[in-house]
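First the structure, in the form of structure tokens, and then the observations on it.
First the proteins, then the strands, lettered A, B, ... as listed; each starts at 1.
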There are 2 protein chains.
Amino acid sequence: MTIKPANSQYLRIHDALAEDLDSGRLQAGERFPTERELAERFGCTRVTLRQALARLEAEGAIYRGHKRGWFVSSAPVAYDPSRVTSFMEYVTAQGREPRTEYLLAERRQAPAWLAVRLQVDVGAWVYHLERRRWVDGRPVLLETNILTEQWCPGLLDQPLGSSLTQLLRQRYGRVQARSEITFKPCVLDEIQGQLLELAAGSSGLMLERLCRDAQGTPVEYDLEYWRPDAVKMGFEVGG
Amino acid sequence: MTIKPANSQYLRIHDALAEDLDSGRLQAGERFPTERELAERFGCTRVTLRQALARLEAEGAIYRGHKRGWFVSSAPVAYDPSRVTSFMEYVTAQGREPRTEYLLAERRQAPAWLAVRLQVDVGAWVYHLERRRWVDGRPVLLETNILTEQWCPGLLDQPLGSSLTQLLRQRYGRVQARSEITFKPCVLDEIQGQLLELAAGSSGLMLERLCRDAQGTPVEYDLEYWRPDAVKMGFEVGG
DNA sequence: AAGTGGTCTAGACCACTTG
DNA sequence: AAGTGGTCTAGACCACTTC
């Protein structure tokens, strides 16, 4: 088993651009030159140039705005999915500016796939919330929260402007006891891409969470889609 | 904000192939027809065909063997990074067949970046282990374990054939108390690609772990590179 | 030896964003 | 209105795998 040198043109272009990023010649948030311009600079076709860009994108160094060009990624936000602190809290704590936007807040009946997870009957009432969350003026996260009505009756009559975590704690005295989390890389579809200002087909990070109360009864099911360049997932175990 | 229909040719090809996979017309582990064959079937060029394949790959549905073609992914192994059970144990528990291969087992001096993490002096002695791990005859994980000599003196004189977790527990009476874990999508380089039988530049999942003893002293630093299609990461919180 | 995937060229058209 | 990224064509050569 020998390792080949691997010296393709697109890798050399990739490395050259990566060095521009490392050296700070290209700043976070800054727009790249156009593809045609870069292709000319490196003396290659756009196809080859885009191979190099795709690799930088996969590494999280750059991202694309749909039909708007390529941009330099900024520092990721640290996120600990095991904590119950709210998005607003932990983003602020890192000196960044969070914003939350409600896309949807409805009372719905649970379809089969959800009923299985929440251990309720098909058709049971649940609250379905969809939010888009921002850091420093850029959308980074699509979050869906589905809560059983029994857990927080009349939720939609409450003011949803502030933190959901706080609302549950203060108005309902509700604190989650345990949760199961899984995650995996995913591909963002057209809608998700538009909401996160990414090209459809970009890769993302999907996180699924099932929360239980003190008795072990499932009370909330969450689904999160993150911009992969915007977050650094980490958590602590034991203690 | 309106959502476009997005009806490009490569997406239609992607969907057609995805249906072949879902329906079971293509079985796990099976090799795809050649790119030229598929391109002819769909009446497109190889460039377009490869766009569709790249998307299926990003979704984890298929993977490529370097210069050997495209293959159907098989069911992922569930992995809980917060548990201290060994690879051999949890893979076996899922009815799959694990195998571990040592790539390297050395006594080394800590370079600066590692000394910072392990809170030791630069040049302090550590044990550096590199292993490749398999499930059902396919390589799925590259694992690096770096342990301080103080934590397990004479480690390399022990039989490394069986589980490292067990060895530490039984021979040294060592159990890790806390650990900090971070992970992110990554791009596999040439060497990693070859070892995991993937094309260089494929995406992977990187996991970093810093383990501490009961006093909070760092004792082990791990780095894991997973085939993204081979693993389903998940863990439990609270309790 | 034949065929494969990996890489690359030199164009092209379109829908969309930007000025 | 001009320019951009997104998509696509129709070829090509090479190193490698497979037979």
Side-chain angles (χ1 to χ4, degrees), chain A residues 1-17 30-58 62-72 187-190 193-194 197-203, chain B residues 1-17 30-58 62-72 187-190 193-194 197-203:
Chain A
M1 150 108 46
T2 54
I3 308 296
K4 326 138 302 180
N7 214 355
S8 29
Q9 185 178 356
Y10 82 91
L11 285 178
R12 278 185 281 116
I13 296 172
H14 164 275
D15 293 346
L17 290 172
E30 199 173 332
R31 194 167 169 284
F32 260 53
T34 68
E35 292 184 0
R36 286 169 176 83
E37 209 174 315
L38 288 171
E40 194 184 7
R41 177 191 306 176
F42 290 110
C44 67
T45 60
R46 275 180 66 212
V47 174
T48 304
L49 189 265
R50 280 168 68 88
Q51 253 184 302
L53 293 175
R55 179 126 180 193
L56 284 168
E57 184 189 26
I62 65 175
Y63 65 93
R64 51 178 124 180
H66 185 63
K67 294 212 173 195
R68 293 185 300 112
W70 297 85
F71 299 84
V72 182
V187 172
L188 301 174
D189 64 25
E190 282 67 31
Q194 287 215 355
E197 292 178 3
L198 287 169
S202 300
S203 69
Chain B
M1 152 109 45
T2 53
I3 309 293
K4 326 138 303 177
N7 215 355
S8 28
Q9 184 179 358
Y10 83 90
L11 285 179
R12 278 184 280 116
I13 296 171
H14 164 275
D15 294 345
L17 289 172
E30 200 173 332
R31 194 167 170 285
F32 261 53
T34 69
E35 292 184 1
R36 286 168 175 85
E37 207 173 318
L38 288 171
E40 194 183 7
R41 177 192 305 177
F42 290 110
C44 68
T45 59
R46 275 179 64 211
V47 174
T48 303
L49 190 264
R50 279 167 70 88
Q51 253 185 301
L53 293 175
R55 179 126 179 191
L56 284 168
E57 183 189 26
I62 64 175
Y63 65 94
R64 51 178 125 181
H66 184 63
K67 294 213 173 193
R68 293 186 300 115
W70 297 86
F71 299 83
V72 182
V187 172
L188 302 174
D189 64 24
E190 281 66 34
Q194 288 214 355
E197 292 178 3
L198 287 169
S202 300
S203 69

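Base pairing annotation: D:dA12 forms a Watson-Crick or G-U wobble pair with C:dT7, both donor-acceptor distances under 3.5 Å. Using N1 to N3 plus N6-O4 or O6-N4 for Watson-Crick, or N1-O2 and O6-N3 for G-U wobble, each under 3.5 Å, D:dT18 pairs with C:dA1.
Using a 4.5 Å heavy-atom threshold, the side chains of A:Leu53 and A:Phe32 count as touching. Contact annotation: the side chain of B:Val47 never approaches that of A:Val47 to less than 4.5 Å [non-hydrogen atoms, C-beta and beyond]. Looking at heavy atoms from C-beta onward, A:Arg31 lies out of side-chain contact with A:Arg68 at the 4.5 angstrom threshold. Two residues are said to be in side-chain contact when any heavy atoms from C-beta on lie closer than 4.5 Å; B:Glu57 and B:Trp70 meet this criterion.
Following rounding to the nearest Å, B:Trp70 (CH2) and C:dG6 (P) show an atom-to-atom distance of 6 Å. D:dG5 atom C1' lies 11 Å from atom CG of A:Leu53, rounded to whole Å. Taking atom CG on A:Leu49 and atom P on D:dT4, their separation rounds to 13 Å, with Å as the unit. Across the protein-nucleic acid pair, A:Gln194 atom CD and C:dC16 atom P stand 10 Å apart, rounded to whole Å. Rounded to whole angstrom, the span from the CD atom of B:Glu57 across to the P atom of C:dG5 amounts to 14 Å. Computed from coordinates, the A:Glu40 CD to D:dT4 P distance equals 11 Å when rounded to whole Å. For the pair B:Arg46 CZ and C:dG3 P, the computed distance is 14 Å after rounding to whole Å. As rounded to whole Å, 17 Å separates atom P of D:dG5 from atom CD of A:Glu197.
Nearest to the side chain of B:Val47, among D:dG6, C:dC8, C:dT4, sits C:dC8. The listed nucleotides are C:dT9, C:dC16, D:dT4; the one nearest the side chain of A:Thr48 is C:dT9. With distances taken from any side-chain atom of B:Lys67 to the nucleotides D:dG6, C:dA10, D:dT17, the minimum falls on D:dT17. Counting only heavy atoms from C-beta on, B:Arg68 has its side chain closest to D:dT17 among D:dT9, D:dT17, D:dT7.
Phosphate proximity of C:dG6 to A:Gln51: absent, as no side-chain N or O sits under 4.0 Å from OP1 or OP2. Distances shown here put a side-chain N or O of B:Gln9 below 4.0 Å from the OP1 or OP2 atom of D:dT9. Of the side-chain N and O atoms in B:Tyr10, none sit less than 4.0 angstrom from OP1 or OP2 of D:dC8. OP1 and OP2 of C:dT4 both lie 4.0 Å or more from every side-chain N or O belonging to B:Arg36.
As judged by a 4.0 angstrom heavy-atom cut-off over every strand, B:Thr34 is placed among residues touching the sugar-phosphate backbone only. Residue contacts for B:Arg64: at a heavy-atom cut-off of 4.0 Å it reaches the sugar-phosphate backbone alone, with no base atom in range.
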CA sep, side-chain torsions, deciding dist, call: B:Glu35, B:Leu38, side-chain contact (heavy atoms from CB on, under 4.5 Å) | CA-CA 5 Å; B:Glu35 292 184 1; B:Leu38 288 171; 5.8 Å; no

Stepwise side-chain contact (heavy atoms from CB on, under 4.5 Å) test for A:Leu11 and A:Arg55 | CA-CA 9 Å; A:Leu11 285 178; A:Arg55 179 126 180 193; 3.2 Å; yes

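Both B:Phe32 and A:Gly43 sit near DNA chain C, but only B:Phe32 has its closest nucleotide nearer the 5' end.
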